[in-house]
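To start, the structure under review is shown below, and the notes come after it.
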Amino acid sequence: MYELREKMKWRARRGLLELDLFFTRFIANDLDALGEPELEKLLDLLTCDDHELWAMLNGTQECEVPHWQSTVALLQHKAAVTTTLAGL
Amino acid sequence: MKVAKRTFDAVIVGAGGAGMRAAVTLAESGLKTAVITKVFPTRSHTVAAQGGVSASLGNSEPDHWTWHMYDTVKGSDWLGDQDAIEFMCKQAPQVVVELEHYGMPFDRLDNGKIYQRPFGGHMSNFGEKPVRRACAAADRTGHAMLHALYQRNVRANTQFFVEWLALDLLRAPDGRVLGVLAMEMETGEVTVFQAKATLFATGGAGRIYYSSTNAFINTGDGVGMAARAGIPLEDMEFWQFHPTGVAGAGVLITEGVRGEGGILRNSDGERFMERYAPNAKDLASRDVVSRAMVTEINEGRGCGPAKDHVMLDITHLDPHTIMQRLPGIREISIQFAGVDPIKAPIPVVPTCHYQMGGIPTNYHGEVVVDGASVAGFYAAGECACASVHGANRLGTNSLLDLLVFGKSSGESMVEFIRKEPAALQEVPQAEIDKSLARVNRLNTQTHGADVHETRLAMQRTMQAHAGVFRFKDMLQQGVDKILEIEKQVAQTEIKDKSQVWNTARIEALELDNLIEVAKATIVSANARTESRGAHVRDDAPDTAEHPNGRDDANWLKHSLWYREGNRLDYKPVKLEPLTVESIALKTRAY
């Protein structure tokens with residue numbers, strides 16, 4: 001589990017700043033709560049291209065891969081923003 | 001300590017546009033080519049490039065590479081080397097067509113030719129009127145470019161080492177570059193990548209600033225490694241900024257928001273642009289708006305607890321207008337500022353975007369020190385300084401830089417490698433040990449500095465002291481602060497000492513690179529007492545004697561920062577192009 005979490009942290013480093021910021025929030029608040037199956041699915045989702053992934057996460061594009069849909073929904077719910085980010 | 005070794009004809013560090021373009025040339029020449037990359041190639045920061053790539057194809061109207069060259073020299077505020085600029089602009093049509101043949105899905109005209117659109121600063125007939133020169137694949141040009149280049153590399157059997165972090169450059173006693181030491185993130189194991197020729201294509205280091213549009217991976221790894229290996233860094237005081245990035249996040253808010261009626265306000269709620277630009281107000285040019293914002297912040301009228309940003313207010317606009325015309329901006333504001341701009345203003349600050357300086361090279365991609373090429377060492381893309389961007393980069397020349405100098409580096413490396421003897425020189429153990437010592441220090445450091453806090457201190461210092469608008473006293477204070485922070489960087493501590501996927505250790509190693517870039521930037525900026533391009537100083541204002549504050553008599557020269565002794569040297573700008581007449585100095589005005 002530890003290794004999976006650490007791997008996810010690195011794979012959340014992306015080419016688009018928007019995704020970096022999005023996942024920073026998620027990692028800080030919610031990553032530890034994920035079980036192994038959810039982590040595996042998240043790592044699979046992270047194989048997506050950056051623009052496609054960002055479009056799914058910000059809701060401008062439907063997630064068309066059935067086994068990713070729950071993960072996308074979870075990320076959207078957990079990473080909903082309430083405060084200003086600082087110092088990233 | 002003995003470490004594993006892999007040998008290649010060529011090693012490339014970085015798999016963005018420049019690294020992958022060079023790899024295509026090397027691998028298709030039949031050479032054994034390795035590409036080491038921190039992230040999967042198509043997730044390099046090139047993916048964020050939207051605007052396009054410039055080339056005087058003339059598909060929609062007459063254009064010529066000499067006009068492109070003029071725009072680039074003018075954009076550079078005459079600090080760009082005109083031989084390299086001629087080379088790049090002349091090569092542009094060819095590299096764009098090559099990319100098309102690699103499968104790049106450029107937008108097209110009805111006649112099937114590549115569609116070209118206008119872009120700021122692109123002019124025909126030596127600055128006469130706008131011309132359509134930017135080739136794009138919708139708003140995902142960088143993304144499409146990475147995919148086309150990656151597929152071509154797969155076809156050519158380039159070997160990718162994905163999720164490996166290059167640690168340090170390895171040099172022979174005579175200065176020749178022998179390769180790099182790199183760490184595999186999955187195992188934490190360290191390996192020597194030895195090659196006849198080594199290319200750095202590691203991108204920029206925009207993360208030295210608190211507010212940056214750059215992705216987190218942009219930590220200047222190649223620039224830091226080069227500095228530690230004794231290579232000077234050129235023109236590092238020149239960074240391109242955008243006036244309105246979301247404060248604390250960096251994501252850009254387009255100028256279109258002010259076009260729709262957005263107003264910049266200080267902590268008193270005052271529309272301060274009325275004082276700085278009574279006519280254009282909030283629609284004044286980027287540099288005027290950025291300077292006004294920084295002045296407000298410096299004079300204590302910034303917003304927020306740290307008084308370090310201003311507000312972009314669109315609450316007076318009809319909500320339907322915001323929803324219809326600025327939906328993306330509303331989403332960005334909610335996501336990254338935590339405010340709905342219909343109800344509250346967006347916190348914004350001038351934000352770092354692009355690094356003009358870097359590892360000094362010629363237009364062949366060869367790293368040049370003291371007028372001579374460093375055998376076996378090449379650099380291309382944002383980490384390199386050819387120098388084609390000089391003091392300010394022309395829009396869409398960043399992707400062109402990747403293609404042209406990625407290709408020319410690759411060709412130079414092929415030529416160099418073919419002349420080399422088959423046997424590789426022994427890598428001195430002391431070189432390996434020096435790099436391993438950096439990793440071992442992290443593994444054993446106790447009671448040290450926190451990586452996140454130290455990085456934040458560096459970023460805040462750079463933002464406040466060497467941002468978009470610079471002040472003499474602030475710069476000097478900033479140099480002192482950064483040199484203090486450097487001492488903390490040398491003592492960073494990580495709590496997690498594990499070997500596998502240790503992101504804390506990677507971030508600490510990246511900070512070693514960032515601090516070199518920060519030092520080079522602020523020391524070079526402090527010394528350059530003129531204003532030129534993106535380097536604008538309060539004490540070098542626009543006067544009749546020095547229009548725009550530029551001082552050609554004393555400062556028409558490239559800065560070279562040396563890590564050893566934290567010293568500066570200078571070298572002349574190459575004002576002579578390869579085949580055409582020099583573009584004479586004049587005031588840069590648009």
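Quick note on labels: first sequence line is chain A, next is B, and so on, each numbered from 1.
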Check for me whether the distance between the ring centres of [X] and [Y] falls short of 6.0 Å.
X	Y	value
A:Tyr2	B:Trp501	no
B:Phe40	B:Phe160	no
A:Phe22	B:Phe336	no

Name the region of A:Asp50, side chain, backbone, both or neither, that has any atom closer than 4.5 Å to a heavy atom of chain B. side chain

Interface moiety of A:Leu53 toward chain B, non-hydrogen atoms closer than 4.5 Å: neither

Can you name the residues that form a ring-ring contact (aromatic ring centres under 6.0 Å, His included) with B:His143, not counting sequence neighbours? A:His51, B:His147

Name the region of [X], side chain, backbone, both or neither, that has any atom closer than 4.5 Å to a heavy atom of chain A.
X	result
B:Asp496	side chain
B:Leu146	neither
B:Ser212	backbone
B:Thr503	both

Below 4.0 angstrom, N of the basic side chain to O of the carboxylate: do B:Lys38 and B:Glu510 qualify? yes

Please identify, among A:Asp20, A:Thr47, A:Leu19, the residue contributing the most non-hydrogen atom pairs under 4.5 Å to chain B. A:Asp20

Rounded to the nearest 0.5 Å, what separates atom CZ in B:Arg455 from atom OH in B:Tyr210? 12.0 Å

